[in-house]
Colleague: 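Would you mind keeping the following structure in view while I ask a few things?
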Amino acid sequence: MTPLDLVRRGAGRRVPLVPMTPRQQLRAGRLPRRVGQLLVGLVLFGATMALLVRAVLGLEPWGVLTYGLTLHIPMSYGQMVVASSFVILLLWVPLRQWPGLGTVLNAVVVGLATDATLALVPPVDSLGWRVGLLVVGVVGNGIAGALYIGAQLGPGPRDGLMTGLAHRTGRSIRLVRTSLEVTVVVVGWTIGGVVGLGTLAYALLIGPVVQAFLPVLTVPVDPPARPAGPAGAVSGCPTP
């Protein structure tokens, strides 16, 4: 079965993303499979971020800021990914967000995988190869995102910041995400981050790629028990 066949088959699959606390995430069943999928997704995410760096055609929004920071702070790209992830996690505190296992691993593994891939993949001069790296980077990054989101073990630091801000401000996810990404691109560009065709391609394609693969890659979990209400009634739980 080809990858396209898998996507078509998964398009009709309906596996919900269940809202859970960090403790509930660990008790939701299929933990070995979910942790394994999470790690594969995070390593792939970091590797494909490195391919976008090597393409030198423009980075994803947060990558623009990360690259710009490395020009002023003596850290490798991957080290900056890790450091900035933990800084962003500090912003979760006033938002009353709690990190899950996936959140903590995301903050560490992605940066390590990025530096490891940059060490293995040398700079590329040919425009054709750079475009190829861009395409593989964007598509692979979307698949990686679907892998770690589908593991249902907590959002990444940047995703959690977005959802936390949306919850606290009452604004839509789309508005908050757009505002955050425009802000980090502008700040990153002003300090030397790389903006270009890759930045635009990522913005246009990452959502559809994640949406295409997420039904295929979401692991079914056991929803947390809902507390019984008065007279034995069952209270409702928030929708995903």
Side-chain angles (χ1 to χ4, degrees), residues 16-26 28 38 41-42 45 49 58-69 80-108 110-111 138 141-142 144-191 193 195 199-211 214-215 218 221 223-224 226-227 235-240:
L17 291 171
V18 180
M20 296 180 284
T21 66
R23 180 177 296 181
Q24 289 169 340
Q25 291 163 8
L26 297 176
L38 170 70
L42 295 178
F45 198 89
M49 282 178 60
L59 298 168
E60 82 284 357
W62 284 96
V64 176
L65 178 60
T66 301
Y67 187 87
L69 288 172
M80 184 60 71
V81 169
V82 174
S84 60
S85 293
F86 282 100
V87 171
I88 291 169
L89 282 177
L90 293 177
L91 300 177
W92 283 34
V93 176
L95 298 174
R96 298 180 182 176
Q97 293 272 100
W98 289 96
L101 174 64
T103 310
V104 177
L105 289 177
N106 186 302
V108 177
V110 171
V138 172
N141 206 259
L147 279 166
Y148 81 71
I149 293 170
Q152 306 208 55
L153 283 166
R158 293 154 185 80
D159 295 330
L161 176 63
M162 173 188 67
T163 56
L165 284 171
H167 178 70
R168 289 296 166 187
T169 63
R171 303 296 184 182
S172 69
I173 290 288
R174 178 179 298 178
L175 176 61
V176 172
R177 175 173 180 167
T178 300
S179 301
L180 274 175
E181 293 189 348
V182 168
T183 300
V184 297
V185 166
V186 170
V187 173
W189 178 71
T190 59
I191 60 175
V195 178
T199 311
L200 178 61
Y202 191 95
L204 294 175
L205 297 176
I206 194 65
V209 174
V210 173
Q211 184 174 349
L214 193 57
T218 299
V221 296
R226 294 178 293 183
S235 62
C237 64
T239 55

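Owing to the predicted nature of the structure, the values given are computational and were not obtained by experimental measurement.
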Colleague: Only pairs at least two apart or in different chains count here, so list each ring-ring contact (aromatic ring centres under 6.0 Å, His included) that has a residue in residues 165-190.
Modeller: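 For residues 165-190, and leaving out neighbouring residues, there are no ring-ring contact (aromatic ring centres under 6.0 Å, His included) pairs at all.
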Colleague: Work out which heavy atom in Pro223 is nearest to a heavy atom in Val221; give both atom names and the distance.
Modeller: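 Between these two residues, the closest heavy atoms are CD-O, 3.3 Å.
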Colleague: May I ask you to decide if Leu59's main-chain N or O and Thr199's side chain share a donor-acceptor pair within less than 3.5 Å?
Modeller: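 Yes, Thr199 side chain to Leu59 backbone: donor-acceptor pair under 3.5 Å.
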Colleague: Taking the side chain as every heavy atom from C-beta outward, state whether Val187 and Val64 have any pair of such atoms under 4.5 Å apart.
Modeller: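 The answer is no, as the side chains (C-beta and beyond) never meet within the 4.5 Å cut-off.
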Colleague: List for me each residue that meets side-chain contact (heavy atoms from CB on, under 4.5 Å) alongside Arg174, sequence neighbours excluded, and say none if there are none.
Modeller: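 Arg174 satisfies side-chain contact (heavy atoms from CB on, under 4.5 Å) with Ser172, Thr178 once adjacent residues are dropped.
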Colleague: Looking at every non-hydrogen atom in both residues, tell me the closest pair between Gly193 and Tyr67 and how far apart they are.
Modeller: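 Taking every non-hydrogen atom into account, CA-CD2, 4.1 Å.
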Colleague: Does any part of the side chain of Pro22, heavy atoms only, come nearer than 4.5 Å to the side chain of Leu101, both counted from C-beta?
Modeller: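 Of all side-chain heavy-atom pairs linking Pro22 with Leu101, none is under 4.5 Å.
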Colleague: Determine whether a donor-acceptor pair (N or O, by modelled atom type, separation under 3.5 Å) exists between the side chain of Glu60 and the backbone of Met49.
Modeller: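 Answer holds: no.
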Colleague: So which atom in Met20 and which in Gln25 form the shortest heavy-atom distance, rounded to 0.1 Å?
Modeller: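 Answer, listing the atom of Met20 first, then Gln25: O-NE2, 3.4 Å.
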Colleague: Work out which heavy atom in Tyr202 is nearest to a heavy atom in Pro61; give both atom names and the distance.
Modeller: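 Minimum heavy-atom separation between Tyr202 and Pro61: CD2-CD, 3.9 Å.
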Colleague: Could you go through residues 158-166 and list every donor-acceptor pair under 3.5 Å that involves a side-chain atom there, pairing it with any protein atom two or more places apart or in another chain?
Modeller:
{"unit_1": "Arg158", "atom_1": "NH1", "unit_2": "Ser85", "atom_2": "OG", "d": "2.9"}
{"unit_1": "Arg158", "atom_1": "NH2", "unit_2": "Ser84", "atom_2": "OG", "d": "2.9"}
{"unit_1": "Arg158", "atom_1": "NH2", "unit_2": "Ser85", "atom_2": "OG", "d": "3.3"}
{"unit_1": "Asp159", "atom_1": "OD2", "unit_2": "Tyr148", "atom_2": "OH", "d": "2.9"}
{"unit_1": "Thr163", "atom_1": "OG1", "unit_2": "Asp159", "atom_2": "O", "d": "3.3"}
{"unit_1": "Thr163", "atom_1": "OG1", "unit_2": "Gly160", "atom_2": "O", "d": "3.1"}

Colleague: Against Asn106, only a single residue in Leu42, Leu89, Leu38 fulfils side-chain contact (heavy atoms from CB on, under 4.5 Å); can you say which?
Modeller: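 Exactly one option meets the side-chain contact (heavy atoms from CB on, under 4.5 Å) with Asn106, and it is Leu42.
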Colleague: How many angstroms lie between atom CG of Leu175 and atom CG of Leu180, to the nearest 0.5 angstrom?
Modeller: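 Those atoms lie 9.5 Å apart.
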Colleague: Give a yes or no on whether Arg23 atom CZ has more than 12 heavy-atom contacts from other residues, nucleotides or ligands under 6.0 Å away.
Modeller: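 Counting neighbours around CZ of Arg23, 12 or fewer heavy atoms of other residues, nucleotides or ligands fall under 6.0 Å, so no.
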Colleague: Donor-acceptor check, side chain of Arg171 to backbone of Val176, threshold 3.5 angstrom: yes or no?
Modeller: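 Checked: no pair found.
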Colleague: Treating Trp92 as the side-chain partner and Pro157 as the backbone partner, does any N or O pair qualify as donor plus acceptor under 3.5 Å?
Modeller: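 Indeed, once roles are kept as given, a pair shorter than 3.5 Å links the two residues.
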Colleague: Test side chain to side chain contact (heavy atoms under 4.5 Å, CB included) on Trp98 and Thr103 and set out the steps.
Modeller: CA-CA 9 Å; Trp98 289 96; Thr103 310; over 6 Å; no
